[in-house]
Amino acid sequence: MPSIVIRMKDGTVRNFPHEGRAGGSYTKRLTYEGAFAVIKDEWDKRTVIPAADIAEIQETPERSW
């Protein structure tokens with residue numbers, strides 16, 4: 001199952017698991033815009049996190065058969 005896990009420098013963990021959406025293969029998407037990590041969900045809601053606050057990002061891609 002695809003997901004994005006962001007470990008912050010202060011020790012907190014932000015988890016963005018795949019939730020799916022009816023009508024297609026919608027999933028979470030991670031992009032980088034300047035000094036920010038941008039996570040878009042299945043409904044195009046964006047969460048923007050400054051790179052200066054991030055210690056590590058783990059992205060588990062969707063399994064392709």
Side-chain angles (χ1 to χ4, degrees):
M1 176 179 292
S3 68
I4 300 167
V5 178
I6 299 180
R7 297 186 198 310
M8 308 299 285
K9 287 183 180 177
D10 67 4
T12 59
V13 176
R14 309 267 320 256
N15 191 18
F16 300 89
H18 171 72
E19 297 172 31
R21 177 178 145 187
S25 57
Y26 299 98
T27 189
K28 301 280 191 293
R29 294 173 303 283
L30 171 66
T31 59
Y32 303 95
E33 296 179 16
F36 298 92
V38 180
I39 298 93
K40 258 190 191 180
D41 74 2
E42 294 81 358
W43 302 97
D44 285 333
K45 176 183 166 194
R46 294 173 12 135
T47 301
V48 181
I49 302 172
D53 297 339
I54 298 171
E56 176 183 54
I57 297 176
Q58 292 180 332
E59 184 175 16
T60 305
E62 188 172 7
R63 184 187 288 178
S64 62
W65 297 96

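Index from 1, following the sequence. Predicted model only: the values in this text are computed from it and were never measured.
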In this structure, would [X] and [Y] fall into the same cluster of hydrophobic residues linked by side-chain contacts under 4.5 Å?
{"X": "Ile54", "Y": "Phe16", "result": "yes"}
{"X": "Met8", "Y": "Ile4", "result": "yes"}
{"X": "Leu30", "Y": "Val5", "result": "no"}

- Query: Which pairs with one or both residues in residues 3-12 pass salt bridge (Lys or Arg N to Asp or Glu O under 4.0 Å), sequence neighbours excluded?
  - Reply: Arg7-Glu56

- Query: Counting N and O atoms only, with roles assigned by atom type, does the side chain of Glu19 sit under 3.5 Å from a partner on the main chain of Glu42, one being a donor and the other an acceptor?
  - Reply: no

- Using side-chain hydrogen bond (donor to acceptor under 3.5 Å, both in side chains) as the criterion, list what pairs up with Glu59, not counting sequence neighbours. none

- Note on the structure: By side-chain hydrogen bond (donor to acceptor under 3.5 Å, both in side chains), Thr31 pairs with (sequence neighbours left out) none

- Message: For Arg29, give me all partners under side chain to side chain contact (heavy atoms under 4.5 Å, CB included), at least two apart in sequence or on another chain.
- Response: Lys40, Asp44

Distance-only criterion, 3.5 Å: show the donor-acceptor pairs between side-chain atoms of residues 45-53 and protein atoms not counting sequence neighbours.
none

- Looking only at non-hydrogen atoms, find the nearest pair between Pro17 and Ser3 and report the distance. CA-CB, 3.8 Å

